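Comments concern the structure below.
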Amino acid sequence: MSATDHSRAAGALLLCRAEPDRVRPPAQLLREPLLLAPAGEGWSVLVPGEDVAREEGANLAALTAEWAHALTVAESWPAVGLWWDAEGAGFVVASGFRRTVGFTWLADGAPLGEESALTALRVRLGLDPVLDAEAFDRLTRPDSDADARARVLGLVAVLARAGLHLPPGVAPGADARTLHTAAAAAPAAEPVEWPGWREAVRTGLDASEQGALGEWIRGPKARALGAAEVAAGVSLLVYARRRHGARRGWAAAGAILLTDGALTIAYDTWRAWGRR
């Protein structure tokens, strides 16, 4: 594709640095139509529903940032959100309570953003500080032969060095319908659906029990952490409710924090009761 031949296809992908079993619970709490599929060792990909890019006034860059932040706000693994439309393309990287940062390329491939976003991406994903840094630097330099799609594909190529392998047909630049069809055909792909609070609690408890966080799962530190997450989640939900123009991502982040905190407290209480 030449620098002047821009596709009007629009879409987004969420690349998670975790196995599908770890990604599924927070993805369910987003309450969005998503497809989840393995994307290499230690990676998963979430593909939004076909209608996301068609919603009137949809800002894919903002939506992708909100989803990535909500996915990782209570998790130890980072997520990279990729987006593209007729105006350009870009990425965001989110990890826990760290500030979500992003970078944009205009349709012709011209960089628009701070190089610090690429540094944050490299550091949060644990990429090579020399080889990968040089590859990222090339993505920020002017290149008349690389449009926005080529830039994001170049980013995916760098992430492939860290084990990312997207399913066939799931690639930046494709339209939402093509992405959804390709993701559905991927081995072990599954739809992510809201299971209801009872199943969400059960899944959360299972995930906590299988984790390796030790004292942060049970005991005084776990109770303190759970209480802090509940308080932060309630605050975000109240903020989202009062801000009529606030996007769904704030409410989703609040729900995830509230749920994770409540599950932490409930799990600790249940374990303590079981010992009596």
Side-chain angles (χ1 to χ4, degrees), residues 1-17 37-48 53 59-65 67-68 77-95 100-176 178-179 182-183 186:
M1 181 181 292
S2 68
T4 58
D5 180 21
H6 309 306
S7 171
R8 297 192 65 82
L13 294 172
L14 293 164
L15 313 179
C16 304
R17 195 76 154 93
E41 185 176 357
W43 286 88
S44 303
V45 59
L46 285 165
V47 181
N59 184 327
L60 285 179
L63 283 174
T64 304
W67 288 333
W77 42 265
V80 180
L82 307 179
W83 63 269
W84 57 94
D85 57 23
E87 304 301 323
F91 77 86
V92 297
V93 57
S95 179
T100 300
V101 296
F103 195 90
T104 297
W105 291 276
L106 300 180
D108 63 0
L112 181 65
E114 298 182 3
E115 294 185 17
S116 59
L118 288 160
T119 300
L121 175 64
R122 177 181 58 78
V123 172
R124 294 180 190 182
L125 292 180
L127 303 179
D128 190 283
V130 178
L131 297 178
D132 293 331
E134 292 178 355
F136 283 150
D137 286 343
R138 289 194 291 271
L139 295 175
T140 64
R141 299 170 189 161
D143 186 347
S144 59
D145 295 326
D147 62 5
R149 178 177 183 271
R151 297 287 201 175
V152 181
L153 287 173
L155 177 62
V156 170
V158 177
L159 298 184
R161 301 177 184 176
L164 175 69
H165 295 290
L166 292 173
V170 179
D175 62 81
T178 300
L179 286 175

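Note that the structure is predicted; figures quoted are calculated from it, not measured.
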Residue pair D108 / D147, side-chain heavy-atom distance below 4.5 Å: no

V47 side chain reached by L13 side chain, heavy atoms, under 4.5 Å: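 A side-chain contact exists here, since the closest heavy-atom pair is under 4.5 Å.
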
Measure the [atom1]-[atom2] distance between [X] and [Y] for me, rounded to the nearest 0.5 Å.
X: F103; Y: L112; atom1: CZ; atom2: CG; answer: 7.5 Å
X: T140; Y: R151; atom1: OG1; atom2: CZ; answer: 7.5 Å
X: R138; Y: D143; atom1: CZ; atom2: CG; answer: 11.0 Å
X: L15; Y: W43; atom1: CG; atom2: CH2; answer: 6.0 Å
X: S44; Y: L14; atom1: OG; atom2: CG; answer: 11.0 Å
X: L155; Y: F136; atom1: CG; atom2: CZ; answer: 5.5 Å

W105 vs L139, test: side-chain contact (heavy atoms from CB on, under 4.5 Å). Steps then yes/no. CA-CA 9 Å; W105 291 276; L139 295 175; 3.9 Å; yes

Run V156 and L82 through side-chain contact (heavy atoms from CB on, under 4.5 Å) and show every step you take. CA-CA 9 Å; V156 170; L82 307 179; 3.7 Å; yes

Partner set under side-chain hydrogen bond (donor to acceptor under 3.5 Å, both in side chains) for E115, not counting sequence neighbours: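 With neighbours one apart ignored, the set is empty.
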
Counting only N and O atoms by type, is there a donor-acceptor contact under 3.5 Å from the side chain of [X] to the main-chain atoms of [Y]?
X: W84; Y: A174; value: yes
X: T64; Y: A61; value: no
X: W77; Y: G42; value: no
X: R17; Y: P78; value: no

Ignoring hydrogens and angles, write down the donor-acceptor pairs under 3.5 Å from the side chains of residues 118-129, residues two or more places apart or on other chains.
| from | atom 1 | to | atom 2 | distance (Å) |
| --- | --- | --- | --- | --- |
| R124 | NH1 | V93 | O | 3.3 |
| R124 | NH1 | R99 | O | 3.0 |
| R124 | NH2 | R99 | O | 2.9 |
| D128 | OD1 | V130 | N | 2.8 |
| D128 | OD1 | L131 | N | 2.8 |

Return the minimal non-hydrogen interatomic distance between A37 and P167, and the atom names on each side.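 Where A37 meets P167 most closely, the heavy atoms are CB-CG, 4.4 Å.
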
What pairs with R161 under salt bridge (Lys or Arg N to Asp or Glu O under 4.0 Å), at least two apart in sequence or on another chain? D132

Please assess C16 against L46 for the test side-chain contact (heavy atoms from CB on, under 4.5 Å), listing each intermediate value before the final yes or no. CA-CA 8 Å; C16 304; L46 285 165; 4.0 Å; yes

